[in-house]
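The structure under discussion appears below in the form of structure tokens.
Nothing here was measured: the structure is a model prediction, and the numbers come from that model.
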Amino acid sequence: MSVWDDLDLLLDSPSSLTVTSSARGTVKDKVDFKVAEDVTALRQAMEGIGTTEKTLIEVLTQRSNAQRVIIANAYQKATGRTLVDDLEGDTHGDFEDLLVALITPSAIYDCKEVINAIKGAGTTESTLTEIFASRSNKQIKALTEAYLAETGRSLTHDLQSEVSGEYGKTLLILAEGKRDESTNVDVAKAKADAKALYEAGEKKWGTDESTFIDILCHRSIPQLRQILVEYKSMSKKTLQESIESEMSGNLEKLLVAIVKCVKNVPAYLAERLFKSMRGMGTTETTLTRILVSRSEVDLLDIKAEYKKLFGTSLHSALESEVSGSYGDTLKSLCGNDD
């Protein structure tokens, strides 16, 4: 049975979407944090002839995001240059992108990933799907505030011109960050919603997508978990299987991503990591985004799910798929094999 079909322990499992502690991250605040020493180390690593990548990796992966932001501010005071500019001048390619991501405050980093996904020719729907399905209300609100500050425009305004149809409608609801946050579960209401979903999909000729969108975008995480359990006992199929057989394209991918994240955000992201390393070439942007953005949230859980799903550790997958300073930085964020 696949990890996605097993709903037995679902109702009692913690969710990354509702937990606010950083206890499941691989990166923690450095206890004996001395900002002046870190600034000196970074300057020495970059100012001479050649760059000491090892120092850059050590300093930037062994400090929390909040500490890196403090380092970046102190660096600018000390040198009159921004740390971003110096990193961009001294490193290049995926390694450069990764280091710059590390010194960017989390909400601004999410915001920049969204900007990259919607600018240029064609929109990168898979990035938008991943971000909006896996982030909590609080993270989405911080992202939208950062977006307004960066661009001077509202995120929903820009999304409207980039995404369309039922997929666009779903994304715009998620981008409001208004999912119900109640922790109480109403079983009778969950049964009614499960029945409404069953009647809008499996039982009907053609699918009423709006019922799926409304319920999946608005109900709280604990309530949706109850709905998934009720749906399976009513339909004999999981809601995910129904969505996969009833829908297609980007809407299907987004609704499946929401259902997967309701069940288990780390397993969803472990799957995204696996797919980004499989087949021809590696999708570095996905690797960078997930490892950076989850390193203080739930990367320990992502590693555990990765091993459970794919029978190999994330660290050894990185070992065989990415190399050089870029690979070393990712492995340092990932932490040792557990």
Side-chain angles (χ1 to χ4, degrees), residues 15-18 106-182 193 196-197 200-201 206-225 227-228 239-240 242-244 246-263 265 268-269 272 285-286 289-290 293:
S15 165
S16 296
L17 288 165
T18 53
S106 309
I108 296 174
Y109 178 56
D110 268 354
C111 153
K112 291 197 161 157
E113 287 296 288
V114 169
I115 291 171
N116 289 336
I118 58 181
K119 77 171 188 206
T123 301
T124 318
E125 282 88 356
S126 61
T127 302
L128 297 177
T129 293
E130 176 201 302
I131 290 175
F132 288 105
S134 66
R135 302 299 190 260
S136 65
N137 281 355
K138 192 178 166 199
Q139 288 170 316
I140 288 172
K141 289 202 173 94
L143 186 172
T144 50
E145 281 165 22
Y147 193 93
L148 185 60
E150 287 282 321
T151 64
R153 297 182 306 275
S154 85
L155 173 60
T156 45
H157 171 272
D158 282 4
L159 279 175
Q160 255 159 348
S161 61
E162 294 296 334
V163 291
S164 58
E166 299 296 317
Y167 172 75
K169 182 178 147 189
T170 313
L171 210 55
L172 285 164
I173 298 172
L174 293 175
E176 287 175 356
K178 288 187 179 161
R179 181 182 295 289
D180 177 23
E181 288 187 335
S182 150
D193 276 346
L197 289 166
T207 306
D208 171 16
E209 283 133 349
S210 60
T211 303
F212 282 80
I213 295 167
D214 178 45
I215 292 172
L216 287 172
C217 292
H218 289 110
R219 302 293 183 268
S220 71
I221 301 303
Q223 189 67 22
L224 280 169
R225 287 176 161 189
I227 291 167
L228 296 182
L239 184 60
Q240 183 182 327
S242 294
I243 293 168
E244 286 167 344
E246 297 288 321
M247 296 183 203
S248 60
N250 287 319
L251 177 65
E252 176 204 334
K253 289 186 184 121
L254 178 54
L255 294 181
V256 165
I258 295 170
V259 170
K260 285 181 171 180
C261 287
V262 165
K263 289 178 190 166
V265 175
Y268 166 71
L269 293 171
R272 291 271 302 155
T285 50
T286 304
R289 183 176 54 253
I290 294 176
S293 65

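Under a 3.5 Å cut-off, the side chain of Arg225 and the backbone N or O of Ser220 do not form any donor-acceptor pair. Side-chain atoms of Arg153 do not come within 3.5 Å of backbone N or O of Leu148 as any donor-acceptor pair.
Heavy-atom minimum distance, Gln139 versus Ser134: OE1-O, 4.2 Å.
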Test log, rule side-chain contact (heavy atoms from CB on, under 4.5 Å), inputs Ile221 and Arg179: CA-CA 8 Å; Ile221 301 303; Arg179 181 182 295 289; 3.8 Å; yes
Evaluation steps, side-chain contact (heavy atoms from CB on, under 4.5 Å), between Asp158 and Tyr147: CA-CA 10 Å; Asp158 282 4; Tyr147 193 93; 2.6 Å; yes
side-chain contact (heavy atoms from CB on, under 4.5 Å) evaluation trace for Val265 with Leu17: CA-CA 8 Å; Val265 175; Leu17 288 165; 3.8 Å; yes
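Under the side-chain contact (heavy atoms from CB on, under 4.5 Å) test applied with Leu128, the options Ile118, Asn250, Leu174 reduce to a single match, Ile118. Checking each of Lys253, Arg289, Arg135 against Glu130 for a side-chain hydrogen bond (donor to acceptor under 3.5 Å, both in side chains) leaves exactly one that passes, namely Arg289.
Using a 4.5 Å heavy-atom threshold, the side chains of Ile243 and Leu239 count as touching. The closest side-chain heavy-atom distance from Ser126 to Arg272 is below 4.5 Å. In this structure, the side chains of Ile131 and Leu143 come closer than 4.5 Å at one or more pairs of heavy atoms.
Residues passing the side chain to side chain donor-acceptor pair (under 3.5 Å) test with Glu181 are Asn137, sequence neighbours excluded.
In this structure, SG in Cys261 is found 6.0 Å from CG in Leu269, a value given to the nearest 0.5 Å.
By the 6.0 Å contact criterion, NZ on Lys260 is enclosed, its count of non-hydrogen atoms from other residues, nucleotides or ligands being greater than 12.
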Atom pairs and distances, donor-acceptor, side-chain atoms in residues 166-173, under 3.5 Å, two or more places apart:
residue: Tyr167; atom: OH; partner: Glu125; partner atom: O; Å: 3.1
residue: Tyr167; atom: OH; partner: Thr129; partner atom: OG1; Å: 3.0
residue: Thr170; atom: OG1; partner: Glu166; partner atom: O; Å: 2.7

